[in-house]
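Below is one structure, written out as structure tokens; the observations come after it.
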There are 4 protein chains.
Amino acid sequence: MDSDPRVRAWERRTAMPLLTLSALYLGAYAVLVLATGVPRDVRLAVLAVLLAAWALFAADYLTRLALSRDRPAFARSRWLDLVVLALPLLRPLRVVQTYARARERRGGPPRLTLEAQVIVYTGLTTVLLGFAASLAVYQVEHAAPGATIRSYGDAVWWACSTLTAVGYGDVFPVTTRGRVIGVAVMLTGLGLLGAVMGTFSSWLVNRFRQATGPVPDEDRPPPS
Amino acid sequence: MDSDPRVRAWERRTAMPLLTLSALYLGAYAVLVLATGVPRDVRLAVLAVLLAAWALFAADYLTRLALSRDRPAFARSRWLDLVVLALPLLRPLRVVQTYARARERRGGPPRLTLEAQVIVYTGLTTVLLGFAASLAVYQVEHAAPGATIRSYGDAVWWACSTLTAVGYGDVFPVTTRGRVIGVAVMLTGLGLLGAVMGTFSSWLVNRFRQATGPVPDEDRPPPS
Amino acid sequence: MDSDPRVRAWERRTAMPLLTLSALYLGAYAVLVLATGVPRDVRLAVLAVLLAAWALFAADYLTRLALSRDRPAFARSRWLDLVVLALPLLRPLRVVQTYARARERRGGPPRLTLEAQVIVYTGLTTVLLGFAASLAVYQVEHAAPGATIRSYGDAVWWACSTLTAVGYGDVFPVTTRGRVIGVAVMLTGLGLLGAVMGTFSSWLVNRFRQATGPVPDEDRPPPS
Amino acid sequence: MDSDPRVRAWERRTAMPLLTLSALYLGAYAVLVLATGVPRDVRLAVLAVLLAAWALFAADYLTRLALSRDRPAFARSRWLDLVVLALPLLRPLRVVQTYARARERRGGPPRLTLEAQVIVYTGLTTVLLGFAASLAVYQVEHAAPGATIRSYGDAVWWACSTLTAVGYGDVFPVTTRGRVIGVAVMLTGLGLLGAVMGTFSSWLVNRFRQATGPVPDEDRPPPS
């Protein structure tokens, strides 16, 4: 992506702290949305954590921009970083690159085959994005007039049936903001979950090939 | 497609004007469908733009037919051009070829990898077709008795949930013309968006491969 | 499939008549289901055509069985022929093999690329199966209590939204026989239409590759 | 997976009995869920069969664990065996490996091409998982207030429309346990049925390639 050595060194060093901070951000958001009965002071503290985490994300982006030699090129090639900074609930999208950097730093041989890596990391990204989306859709929908997503369980069920493109239609967003989140979940389902499952299919075919060895062609017509 | 040098030269020269004209056509159609409150004179002017753009599309097709040496072969190999002339809302389908011609003319090295090109241009085609379809379905449905697509927001939400095959069933066309548009959107979703997402998957797997280098086979059984 | 020369010679000779007979069968079934207002004599004539066509299908199968040297092997390798004989509405499934045989007989160079062939012939199979399924589901559903498929237009719309896995849920079968047809349509959609669209995707990527020539790898990280 | 010779020998010997036991387990569960009118003694006998089968599954797992030289490595690489032991309705997931072992023992050349094997065995796994899921969802849903899955036929129809991602929304689970089963069915549909259908597509393209021989490139532009 970027061959600027100072940016790469910074990104390797901050990979693990950023992963932790992302988990903290998502956890704080979950508390804010779901734990509505907590005292006002606790809510304010959680809100402070959210804002502090976001400020650190912004500081990280600006530091990298400052460290890079060709700043316009950095901004262009890292456009996704800017999108994720503006919409922090999309942060799980960074997990793949951050993981690769954390591994570079830790060194050691990889532990999984390529297909297993794609399945595990892309699957994890999908689950985290689905979790963030279910929180967001619950927040904007549960009190809307005519809403069908009224409990957090409904929101999780909606996220699952939308990510897998089943779409029963028993629960669905009715507000404009809920529908915008819905479109993001549909695209995530098509893209990320499609990638997970496509990789799973090719892994399965390989597994069969290795389990059974070479096979005859008796089912096929003669070549001429 | 066609090795006739005069047709190719004409197509290279007209690529950029045709792209502009297509954008103008779609914009004028959007104004006609959505801006129902504008004065009668403005509506007539917009209608004139639509008809003029269509006349230019027809003139372009006839010019190319006249320039080609083997006219029946031209008509056969360019059957999609004739379909798009008859149904101008399908014009986004031409964006890929027109782009390739505009690039031929402009010269210079390509800026994106092959996979990124497929994702960007096919994705753009899908978005434009979805936009045209949401306008058309809004036009034929919003005043129909028993309609569920009653606002333009409903039409966009319907187009997204149909393109991604989610299909909640909260909004759907009820008229015959609306259902014909719906079938076109379903096929677009399966074909174009499927291509975008399939390419995205293979891009993602490549990205993992490059981020992590060669991997061991410890997860696999011994060959014999 | 079968290297028995007498069976192959018979199948080449009967390919074109069988394609015609299949079209006749489907047409007669459509008349029987849709043209309910015709005089009783016409209906009986159409029914006679249906039965005669089926008898010819059975005679063709038995002739091939008689011609083959190893009859149990013939029955095993042609199990799909027996399924199609039992359920004649599945006859479009034979169009691929019958086409290949008609082409063998006619000779001459192929006219389409491999990808275009898969798209055209599998797409045609899907359309014909969808047509047969919409007739069958209309026949068993339209008079059922609580039916949502009440007109033939509803049945076509249902077939399209089921084949593409959109499944709005505005129309769906409610009888057991209708649901059995529905499951067949779902599997057809996943299998055949999936194959059409997957092939279309790879055709599209090839098209881009040829339109734009070799591309740089600037979007990719350095190899080490 | 595991190169420990004693574990492999045990797994080869027990492959066929375990397949039989799995079929018995699923059959007993079906009787328990569906045959509600049978005498109390019969129900108790069926329940005893279920528990005995489960005890044998557990004994098999513990025996293999005891036989393996590196027990923590065995537990890690066979995590799916532990999941299937905890949720015995997922047992069809083991059919692929158990089949491979039964074949190793029986010897003899394979009878199907690789693609046909993937289609047959993964398809069978999907059908068995769908059967288990329809039983489970019927058990937890049919008496729930507001349930739409009220007969076993409804449960089978729901399983089919969910596995194929059609999701009409005429029947769907309303209880939390039913929704958990639903998410499992959605993932099975995406993963296993996606693999079956993807393999079917590539088989179909190969079939066309062999039926028609090399094809010209006349549909493609000249290389330069």
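In what follows, every chain begins at residue 1, and chains take the letters A, B, ... in the order their sequences are listed.
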Heavy atoms from other residues, nucleotides or ligands near CZ of R177(D) exceed 12 (cutoff 6.0 Å): no

Tested for side-chain contact (heavy atoms from CB on, under 4.5 Å) against Y168(A), the lone hit among T162(D), V166(D), T148(D) is T162(D)

Given V196(A), L193(A), D154(A), the one with more heavy-atom pairs under 4.5 angstrom with chain D than any other is D154(A)

Value for CZ (R179(D)) from CG (D170(A)), rounded to nearest 0.5 Å, stands at 6.0 Å

Applying a strict 4.5 Å limit to non-hydrogen atoms, the region of V183(D) in contact with chain A is both

In terms of heavy-atom pairs under 4.5 Å with chain A, the winner among G182(D), G169(D), S161(D), G189(D) is G169(D)

C160(A) and M186(D) have their tightest heavy-atom pair at O-SD, 3.9 Å

Rounded to the nearest 0.5 Å, the CG atom of L187(D) sits from the CG atom of L163(A) at a distance of 9.5 Å

Turns out that what part of V180(D) lies under 4.5 Å from chain A's heavy atoms comes down to neither

Next item on the list: Start with the C-alpha gap between W157(A) and T176(D), add the side-chain angles, then the distance that decides, and say whether side-chain contact (heavy atoms from CB on, under 4.5 Å) holds.
Entry: CA-CA 9 Å; W157(A) 174 243; T176(D) 301; over 6 Å; no

